[in-house]
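Comments concern the structure below.
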Amino acid sequence: MRLDKFVLRSTQLSKPSVISCIESGEVRVNQDVITDARYQVHENNYIEYQGKQLVPRPFRYLMFNKPVDTICSNVDGDYPSILNYLEIENKDELHIAGRLDADTTGLVLITDDGRWSFNIMKPETHCEKTYRVTLAKPLIEGVAQRFSEGLLLQGESKPTLPAKLEHIEVDSTHDSIAELQVLLTISEGRYHQVKRMFFTVGNKVRQLHRENIGNLTIDIPAGTWRYLTIDEVKSLTY
Ligand code: URA
């Protein structure tokens, strides 16, 4: 990690103050004064600021149940950022691991561990995400097969990776909305991927809710968050 990031994570200094204290020679790494904020440091380095050893705060890992009409951005835009829902210290150190559209709800991961989130999101990891999809009309035959084989989305040159489409058992009430619901599991994260997949097979997504990322299932009410357990963090460590 860069020296400025290490100092930021282990003090209450602002970003500009961190840079100026490094450049003015107040930070030592293994006894040597280092004035380059980009200098790479490791966990086992002995880092001091004004003569005291710095110990970074432990990384934080959260799940959030995103409500509709919110955005996965650190700042507000057309809708409020989901970070407004977190009453938590040093919020500006957190980032959102993988975006959902403003009208999509459900499971979002939030962390300050850049390596962890990078590994979850990088395409080679093929981390599975399951969405509950409410469709505008019943599915035509053969869609599950087409999704499992991969299909070409408009404007793209590579087909999607195999995806799993499951029909949800409808209970005896014959709820008409439930009849239009399916579960779709994909292992990549292309732009508007789920909506574009259903568009390609002549349908339209009415509602989209992310239920799972890897083995992790959303289990908290909309608009709330909780810390992940150590086992949950490990299960998503690639
Ligand atoms: N696919 C979409 O189309 N939208 C999302 O928000 C997530 C996946």
Side-chain angles (χ1 to χ4, degrees), residues 62-86 94-111 117-140 143-144 146-168 177 180-225 236:
L62 287 63
M63 72 155 67
F64 177 66
N65 189 345
K66 179 187 176 297
V68 74
D69 293 345
T70 55
I71 53 170
C72 290
S73 158
N74 279 42
V75 289
D76 294 340
D78 289 343
Y79 295 103
S81 157
I82 59 171
L83 296 187
N84 289 307
Y85 287 80
L86 310 184
L94 296 169
H95 62 268
I96 300 155
R99 289 163 182 243
L100 293 179
D101 298 335
D103 57 356
T104 303
T105 57
L107 179 55
V108 175
L109 300 174
I110 302 173
T111 183
S117 57
F118 175 79
N119 285 334
I120 291 172
M121 288 186 292
K122 71 177 181 196
E124 307 85 74
T125 300
H126 296 161
C127 175
E128 291 193 334
K129 284 142 284 213
T130 301
Y131 294 86
R132 180 175 289 260
V133 189
T134 308
L135 295 166
K137 51 189 180 182
L139 278 174
I140 53 172
V143 172
R146 285 186 69 189
F147 283 3
S148 74
E149 288 165 355
L151 78 171
L152 208 52
L153 301 177
Q154 204 172 32
E156 300 207 358
S157 54
K158 270 194 184 164
T160 51
L161 290 177
K164 185 168 154 207
L165 182 67
E166 291 163 274
H167 291 269
I168 297 169
I177 288 289
L180 293 172
Q181 285 194 348
V182 291
L183 293 177
L184 179 68
T185 302
I186 58 174
S187 56
E188 41 184 354
R190 301 189 198 188
Y191 182 66
H192 293 328
Q193 179 162 346
V194 176
K195 290 175 185 164
R196 290 166 70 213
M197 285 174 74
F198 283 101
F199 178 78
T200 306
V201 294
N203 213 315
K204 190 170 161 50
V205 171
R206 286 262 177 256
Q207 279 174 23
L208 192 54
H209 178 77
R210 184 155 67 190
E211 295 198 336
N212 296 84
I213 299 178
N215 289 330
L216 194 64
T217 303
I218 191 76
D219 56 7
I220 50 176
T224 66
W225 65 275
L236 287 169

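When a ligand or atom number is given, it counts from 1 through the structure's own listing order.
- Annotation for ligand 1: atoms under 4.0 Å from non-hydrogen atoms of Gln193 are 1 (N), 2 (C), 3 (O).
- Nearest heavy-atom pair, Leu161 versus Glu188, reported as atom, atom and distance to 0.1 Å: N-OE2, 2.7 Å.
- Atom numbering of ligand 1 starts at 1 in the shown order; those under 4.0 Å from a heavy atom of Tyr131 are 7 (C), 8 (C).
- Contact atoms of ligand 1 toward Leu100: 6 (O), 7 (C) (distance under 4.0 Å to a heavy atom of the residue).
- Interface of Thr104 with ligand 1, defined as ligand atoms under 4.0 Å from a residue heavy atom, comprises 4 (N), 5 (C), 6 (O).
- Under a 4.0 Å criterion applied to the non-hydrogen atoms of His192, ligand 1 contributes the atoms 1 (N), 2 (C), 3 (O).
- Taking 4.0 Å as the cut-off, Tyr191 does not count as a neighbour of ligand 1 on heavy-atom distance.
- Between Arg190 and Glu156 a salt bridge is recorded (basic side-chain N to carboxylate O distance below 4.0 Å).
- The distance criterion of under 3.5 Å between nitrogen or oxygen atoms is not met by Arg196 with respect to ligand 1.
- When heavy-atom distances to ligand 1 are checked against a 4.0 Å cut-off, Val194 comes that close through both its backbone and its side chain.
- Only the side chain of Leu208 comes within 4.0 Å of ligand 1, counting heavy atoms alone; its backbone N, CA, C and O stay farther away.
- Between Phe147 and Phe198, the ring-plane angle classifies as perpendicular under the 30° and 60° cut-offs.
- Between Ile120 and Cys127 the shortest heavy-atom distance is O-CB, 3.6 Å.
- Side-chain contact check for Ser81 and Ser73: no donor-acceptor pair (N or O, by modelled atom type) lies under 3.5 Å.
- The number of heavy atoms from other shown groups lying within 6.0 Å of CG (Asp78) does not exceed 12.
- The local environment of CZ in Arg99 is sparse, with at most 12 non-hydrogen atoms from other residues, nucleotides or ligands closer than 6.0 Å.
- Numbered from 1 in the order shown, with element, the atoms of ligand 1 that lie under 4.0 Å from a heavy atom of Asp101 read 2 (C), 3 (O), 4 (N), 5 (C), 6 (O).
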